[in-house]
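The structure appears right after this line, and notes come after that.
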Amino acid sequence: MLAAFQEPAAEVVVVTGLSAVKTLEPFGVGPPAHRLECHLRENFQVGPETHAMACEGWGSSRATRIAAGAHEPQAARGSGGAVAPVALRSAGVRLPFRPSRQPQSDPPRPIPMFDPVRGKPDFPALEASIAAFWREGEIYEKSLDRRRSGGRFVFYEGPPTANGMPHPGHCLTRTIKDLYPRYRTMRGDFCERKAGWDTHGLPVEVEVCKELGIHSKAEIEAYGVEPFIHKCQESVWRYMKEWETLTERIGFWIDLSAAYVTYHQSYVESVWWALAELFNKGLLYEGHKIVWWWAQGGTALSSGEVGQGYKEVADPSVYVAFPLLDEAGRPTSRSLVAWTTTPWTLPSNQFAAVRSDLEYVVLRETGVADPQELIVAEPLAAALIEKTKRQFEIIERLPGSTLVGRSYQPPFDTFRPAGLPAMAPLTAGGSTAVAWRVVAADFVTTDSGTGVVHIAPAFGEVDYGVLVAEQARFAVGSGPQLINCVAPDGTFTDTFPMGSGRFVKDCDRDITRDIKARGLLVHQEQYVHDYPFCWRADADPLIQYPRQSWFIRTSQFREQMLANNARINWLPEHIKDGRFGNFLETNVDWALSRERYWGTPLPIWKCEATGKAEAVPSYAALLAKPGVAGTDVFEKAKAANPQLSDDLKVHKPYIDAVTYDSPFAPEARMRRVTEVIDCWFDSGAMPFAQWGWPHRGQEEFARQFPADFISEAIDQTRGWFYSQLAISTLLFGDEKRPYPHPFKTCIVLGHMLGEDGQKMSKSRRNYKEPAVIFDTYGADALRWFFLAGQAPWTSIRYSERSIRESVPEFLLRLWNVYSFFVIYARIDGFDPAALLDTPGSIEHGDLAKAGGWRPVAERSELDRWMLSELNAAAAEMVERLDRYDHFGAAGRLSALVEAVSNWFVRRSRDRFWAAGKADSGPDGNREKLDAYFTLYETLLTITKLAAPFVPFVTEAIWRNLAVAAFGAKVPESVHLTDYPAGSTSLVDADLVRRMAIVRDVSSLGRAARAAEKLKVRQPLSKVEVILADASPEDAAWLASHADLVCDELNVKQFEICREPDRYITRSLLPDLKKLGPKLGKNLPKARDAIAKADAPTLLAALTRDGRATLSLPGGGEAVIERDDVLVRTTAKEGWAAAESPQAVVVVASQLTPELVAEGLVREVVHAVQSERKTLDLDFTARIELEFATDSAELQSALETHLDYVAAETLATQAACRPLSAAASEPIDIDGHPLAITIRQVTA
RNA sequence: GCGCGCGUAGCUCAGUUGGUUAGAGCGCCACCCUGAUAAGGUGGAGGUCCCAAGUUCGAAUCUUGGCGCGCGCACCA
């Protein structure tokens, strides 16, 4: 399965003399010198003499050095140490990949060792092979099996709809949904992952309509509900393949074969049960609702759908006079002025609303005969006068309350007989006009309009509320009825002859004209605002329209839902009291009905005689009803078409045919109501409906409720998050189920934006298809980008560039370390399987049983440091992941890999390159073996730590480091191991801190050099460090690591400065965090006092006594303790120094002639190497060098170090001549002219 | 309009309970290394922490008010 890493053929070529032979070098990796030497000796029975002969022609002195270097690598290192390997490689010798494993004398045997690693990995290809391995090896199933007895981690899959293409946002949710179950499984929990599909709803119908080329409900009915439903059921799976491909491709482990499907009979019956429960508890009722109505399509739209369709349009804006009536019912010359942008609602006017506590004015037009008197709110009067461009005077001021109760003449007599309006008795006593009366309302504002609001209850939610409130004032049945002269198709009925049969919005102009003709139009203009249109048919404006609907009394459960919500662990936290909490606070009853076809049928049957209803909890319960009939409709259909899914028998139209005897009236039949339900109810019922509970699945539900973890994007706040919480609270709230349920933790993901920071959109082409990302960078790259790129709740900008750039910092770096390890382990024959019989999962304790393994305490400091970092990181990652902070955990992991790559491997190179076998035998090199064990353990542990994040690449590494070596003795997959929790006993906090100081000092040293333009190539005599506040122990430790710092900084000597005052000044800084609470307002004074005090004296006093008393400027004193101040060191002027909070590093910038000469020579070497590269010379190509310079200094330096230069540059000859004899143009070497002539030595 | 969130380096983003010199990656510049090599490494430059006021000894962080962006609700008679 790891075909991508098939080892190419390798061959061994030993060359004597100078002839270079091209050999096959599959991965371009040259061997260390000692390996060649060992190899020659072991496999070809050659000794050092022969070896030296192989280098014949190089000059005996060099050959001797080579041989010596091979045997005594320690001595060969240092400035000239590179000679040996370079020279040897130049002999044109290549090693096979398994030098010590393929002796020619022995027959070949299978070697359980690491496969070679490609330096430049092809992640997409690798992932394909890993995915196949998982599939064929049933690794996901095995990962579950080994945890069956573990604790449960319950995860719910929010069902995506397979009726649309998956897009990058789904990649994010699927990544997060995969991470935590994988992690918890590795930690020991049993985490079932049942997939699910949301299959109902308008989008499916729309898709089918598109296919059929039809649009409206009438057209669907004409096509036939039955075939239409069949089409819907087929269409649900339209993009199934894409979804399955994505799921596997991104490495989302979930059981697709056991997916729950919302249209399946068992699912539908669970939903029925839930609805029946609600019905029986009196929580399901029928009422009116003003909905956004798509008249042409004959359906209400959900708020989400409405939100998609807002467009800016100019609508007519009319100011209409409503003349007040006198006692006799005659219109007076005094009128209310109402404002509306929907003139078509005026024929259905029923009330006018004012605010009682608002001041109104009566305006009379001046300079005209028979002037009108207009009543408007005082704050809006000026604006209206301005608009009309007419002259008015204010003749009276009155509070709104005096208008309340007055009758007026509505603009149309549609529903009103001439004369006085009908009166009716109030429940509170007395009587009043049923309609066309002024009412008081708090929602009246002075933001716009006139302060008098036209109320047409049929066409506005607020308006409808007024009607309901008014109805409540009258005795039952005698109050105002809803008046409406608009048909469901959006046309006026015959009740309003002027517009009869025409779409209401098309009648605005005629209505306005009519009002104007009757002298009632005060003003008219265009009003630009946003208005919703159908998102499917954007030429169709939506209208608000009253519909009958079934409601769930969710608002009655507001407090319970809030209490439940309060216990949920929302991430980010602000969702709880912010967006989601606010939504619950303003909760209104859930309008459940959808007058559509493809959805869960509302399981309510009504008596055709009495209208009484009952709910049916299952199909079986329906069949058990007396006199049931109509089930044959489905049976006949099934007989005609055996392919027909049995699940459809609980759907329209079949279910509508099923009737039974009414228990409410003799001879009457019970018939199902026509509606289907809001598909969000389907999804919210998922916690139990996925198991078909309570009709079946008792055990599963008991085990899998509530969920420990769910995650979706923020758009689910009022979608799936709400539907789940509401249903669970209503159904299970009064049982002994402790909140929270049905989910405990919810990560709310931010929305993903396109490359340009705008919403992703196909038409704008501002994002790359996931498939392109997968094929180019791989799924792990995308996963890492999501998990480590930003906190999950921020709006992620999905850009190819960011994804690409996230690869090197982690994936590639990890891969490079891994590749480094394998290359040298193979060369050195580090074979853990030969040393360890019972590897287990190759944890620390397992490795301890390996031959040659040394306890960490006995290993080098670098090894102890590495394992400290490793275990500290593991512990921190577990802590973070346990609280769902994968972003923080990923950062920690990335830092760990950085530490391995940039410090452990770099500082360990000498050990890996050292001579001697990596074994514990008498001839072996224990240090080297330690290094291998340390790196091996580190890599394996990192692989496990990273496995939930980047499951593919970690699997590939595990398959090689563990399985290739140990075979069936180890788990076949990294996902079948335990997550490392980090062992505190392996963490040496002192060492970690001290190593950080070394790294800081090294970095400062380089900075100091850079500031003085002293390149690292220039050796320096000395570097001194002054530590600010380090403990004596830490300082002593650092002093004992002089070699390390010298090596890093290319200096001859390193020491802790004995006379720091030469270089630095010390000052004391108050530790504000400690002193602030102690001193409060005196802090600035204390700070001044500390600043003015003589720092050395004060510090001495503090160190001696532990405390000191400061006299504050302006009187008073303050006692400070040693820990209240920090020592800060600042470099004095004139020194090559760099400082950080914890140290100052001073480099000796004075150069001796010897140092300068060394520096010059290294410059020359660098120049030659660059030139070699420019000439594109083979690594092994030997050259003849000729230098020419007029500079005596450079010439002298070169002559002194000519051997060194020749060795470094693979020169067989090197000579210096005067510049005049130069064959090429001179270049500049630190101000000295030098002509370099390179001739390749040919065979 | 109301609500929620965001605004930090050229770009993408971190920044834990308020604390002294605000960080990372990429890009850029310079350099190192040339035995992880079509790699790797180091250093540097780069900031009005959106603006203003306030609280505080002290504000990127808390409060208020603006401005800008995103999202949700609604578009309202």
Side-chain angles (χ1 to χ4, degrees), chain A residues 28-33 82 85-86 89 117 119-120 303 306-307 310 338-342 345 352-353 441 443-445 447-450 452-456 459-463 529-532 572 574-575 578-580 582-583 586 714-715 717-718 750-751 753 757-759 789-791 793-795 797 799 801-802 804-806 808-809 812-813 816-817 819-821 823-824 887-888 891 894-895 901-902 905-906 909 912-913 1002-1003 1006-1007 1009-1011 1015-1017 1048 1050 1069-1076 1079-1087 1126 1128 1139-1141 1166 1169 1173 1179:
Chain A
V29 177
V86 171
R89 191 186 52 194
V117 174
K120 196 168 192 305
S303 62
V306 175
Y310 278 95
W339 174 67
T340 182
T341 54
T342 50
T345 61
F443 59 76
V444 176
T445 66
D447 295 341
S448 58
T450 59
V452 179
V453 176
H454 147 64
I455 302 288
F459 308 114
E461 226 175 310
V462 176
D463 308 48
H529 64 162
D530 289 329
Y531 192 86
H574 61 74
I575 298 287
R579 193 170 286 218
F580 196 71
N582 288 343
F583 178 63
T586 58
I714 191 152
D715 52 23
T717 317
R718 24 210 81 215
H751 263 148
L753 307 173
Q758 303 288 314
K759 212 170 173 171
Q790 54 275 304
W793 38 81
T794 53
S795 318
R797 195 177 293 198
S799 82
R801 205 182 116 236
S802 302
R804 182 177 60 238
E805 287 173 354
S806 76
E809 75 168 28
L812 207 53
R813 196 178 263 159
N816 279 330
V817 175
S819 151
F820 176 92
F821 171 82
I823 286 167
Y824 289 103
F887 177 59
S894 193
S901 173
N902 292 344
V905 169
R906 194 152 63 85
R909 277 184 165 142
F912 288 116
W913 296 339
S1002 303
S1003 158
R1006 278 186 285 266
R1009 294 187 72 117
K1015 51 187 98 175
V1016 183
R1017 271 199 294 269
E1048 282 290 305
N1050 189 22
L1069 284 177
D1071 186 340
L1072 300 175
K1073 215 164 184 173
K1074 288 185 176 133
L1075 279 176
L1079 301 179
K1081 290 198 180 210
N1082 278 332
L1083 190 80
K1085 291 178 184 173
R1087 181 193 282 183
L1126 304 168
R1128 176 150 159 212
E1139 62 199 39
S1140 77
H1166 181 239
Q1169 301 289 30
K1173 206 167 185 178
F1179 263 126

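In what follows, chains carry the letters A, B, and so on, assigned in the order in which the sequence lines appear, proteins first and then strands, with residues in each chain numbered from 1. Being a predicted model, the structure only gives us computed values, none of them experimental.
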If I pick the [atom1] atom on [M] and the same atom on [N], what distance separates them, to the nearest angstrom?
{"N": "B:G23", "M": "B:U48", "atom1": "P", "result": "15 Å"}
{"N": "B:C49", "M": "B:A24", "atom1": "C1'", "result": "16 Å"}
{"N": "B:U12", "M": "B:C28", "atom1": "C1'", "result": "16 Å"}
{"N": "B:A9", "M": "B:A22", "atom1": "P", "result": "14 Å"}
{"N": "B:G18", "M": "B:A59", "atom1": "P", "result": "13 Å"}
{"N": "B:A52", "M": "B:U16", "atom1": "C1'", "result": "28 Å"}
{"N": "B:A45", "M": "B:G1", "atom1": "C1'", "result": "47 Å"}
{"N": "B:C76", "M": "B:G54", "atom1": "P", "result": "42 Å"}

Worked check of side-chain contact (heavy atoms from CB on, under 4.5 Å) between A:Val905 and A:Phe820: CA-CA 9 Å; A:Val905 169; A:Phe820 176 92; 3.7 Å; yes
Taking all atoms of both residues into account, what is the closest heavy-atom pair of [X] and [Y], and its distance?
{"X": "A:Pro1070", "Y": "A:Leu1075", "answer": "CB-CD1, 3.6 Å"}
{"X": "A:Gly1076", "Y": "A:Leu1083", "answer": "N-CD1, 3.8 Å"}
{"X": "A:Ala456", "Y": "A:Asp463", "answer": "N-OD2, 2.9 Å"}
{"X": "A:Ser894", "Y": "A:Glu809", "answer": "OG-O, 4.1 Å"}

Would you classify [X] as touching base, sugar-phosphate or nothing, given that sugar-phosphate means primed atoms plus P, OP1 and OP2, and contacts are heavy atoms under 4.0 Å?
{"X": "A:Ala791", "answer": "sugar-phosphate"}
{"X": "A:Pro532", "answer": "nothing"}
{"X": "A:Asp1071", "answer": "base"}
{"X": "A:Gly460", "answer": "nothing"}
{"X": "A:Gly750", "answer": "nothing"}
{"X": "A:Val817", "answer": "base"}
{"X": "A:Thr342", "answer": "nothing"}
{"X": "A:Arg1006", "answer": "sugar-phosphate"}
{"X": "A:Thr794", "answer": "sugar-phosphate"}

Is the shortest side-chain N/O distance from A:Ser1003 to OP1 or OP2 of B:G43 below 4.0 Å?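 Checking B:G43 against A:Ser1003, a side-chain N or O does come within under 4.0 Å of OP1 or OP2.
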If only side-chain N and O atoms of A:Asn902 are considered, is one of them under 4.0 Å from the OP1 or OP2 phosphate oxygen of B:G41? yes
Quick one: list whatever passes side-chain hydrogen bond (donor to acceptor under 3.5 Å, both in side chains) with A:Asp715, sequence neighbours left out. A:His751
Rounded at 0.5 Å granularity, tell me how far [atom1] in [X] sits from [atom2] in [Y].
{"X": "A:Thr794", "Y": "A:Phe887", "atom1": "OG1", "atom2": "CZ", "value": "8.0 Å"}
{"X": "A:His574", "Y": "A:Phe580", "atom1": "NE2", "atom2": "CZ", "value": "14.5 Å"}
{"X": "A:Asn816", "Y": "A:Ile823", "atom1": "CG", "atom2": "CD1", "value": "9.0 Å"}

Could you tell me how far apart [X] ([atom1]) and [N] ([atom2]) are, to the nearest whole angstrom?
{"X": "A:Lys1073", "N": "B:G18", "atom1": "NZ", "atom2": "P", "value": "8 Å"}
{"X": "A:Gln790", "N": "B:G15", "atom1": "CD", "atom2": "P", "value": "12 Å"}
{"X": "A:Asn816", "N": "B:G41", "atom1": "CG", "atom2": "P", "value": "8 Å"}
{"X": "A:Trp793", "N": "B:C13", "atom1": "CH2", "atom2": "P", "value": "15 Å"}
{"X": "A:Phe580", "N": "B:C73", "atom1": "CZ", "atom2": "P", "value": "14 Å"}
{"X": "A:Phe820", "N": "B:G41", "atom1": "CZ", "atom2": "P", "value": "13 Å"}
{"X": "A:Ile714", "N": "B:G5", "atom1": "CD1", "atom2": "P", "value": "10 Å"}
{"X": "A:Ile455", "N": "B:C76", "atom1": "CD1", "atom2": "P", "value": "13 Å"}

If pairing requires Watson-Crick or G-U wobble contacts with both distances under 3.5 Å, which nucleotide is the partner of [N]?
{"N": "B:A22", "result": "none"}
{"N": "B:A39", "result": "none"}
{"N": "B:U61", "result": "none"}
{"N": "B:G27", "result": "none"}
{"N": "B:G47", "result": "none"}
{"N": "B:G70", "result": "B:C4"}

Between protein and nucleic acid, restricted to nucleotides 60-63 of chain B and to nitrogen or oxygen atoms under 3.5 Å apart, what atom pairs and distances do you find?
none

Nearest to the [X] side chain among [options], which nucleotide is it?
{"X": "A:Thr341", "options": "B:A36, B:C71, B:C76", "answer": "B:C76"}
{"X": "A:Leu1072", "options": "B:C33, B:G43, B:G19", "answer": "B:G19"}
{"X": "A:His1166", "options": "B:C73, B:A39, B:C33", "answer": "B:C33"}

Salt-bridge contact A:Glu805-A:Arg801 (side-chain N to carboxylate O under 4.0 Å): yes
Between A:Val905 and A:His574, which is nearer to the 5' end of RNA chain B once each is assigned its nearest nucleotide?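 Nearest-nucleotide comparison on RNA chain B picks A:His574.
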Please compare A:Leu1083 and A:Ser901 by the position of their nearest nucleotide in RNA chain B and report the one closer to 5'.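 Nearer the 5' end of the strand: A:Ser901.
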Could you run down the sub-3.5 Å N/O contacts of the protein with nucleotides 21-30 of chain B?
residue, atom, partner, partner atom, Å
B:G25, O2', A:Glu809, OE1, 3.4
B:C26, O2', A:Glu805, OE1, 3.1
B:C26, O2', A:Glu805, OE2, 2.3

Counting only distance, no hydrogens or angles, is the base of B:C71 paired donor-acceptor with the side chain of A:Arg579 under 3.5 Å? yes
Determine, stepwise, if the pair A:Thr345 / A:Thr340 fulfils side-chain contact (heavy atoms from CB on, under 4.5 Å). CA-CA 9 Å; A:Thr345 61; A:Thr340 182; 4.1 Å; yes
In terms of heavy-atom contacts, does CZ of A:Arg1087 have more than 12 from other residues, nucleotides or ligands at under 6.0 Å? no
Check: A:Ile575 main-chain N/O paired with A:Arg579 side-chain donor or acceptor under 3.5 Å: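 No, the answer is negative, given that no donor and acceptor are paired below the 3.5 Å cut-off.
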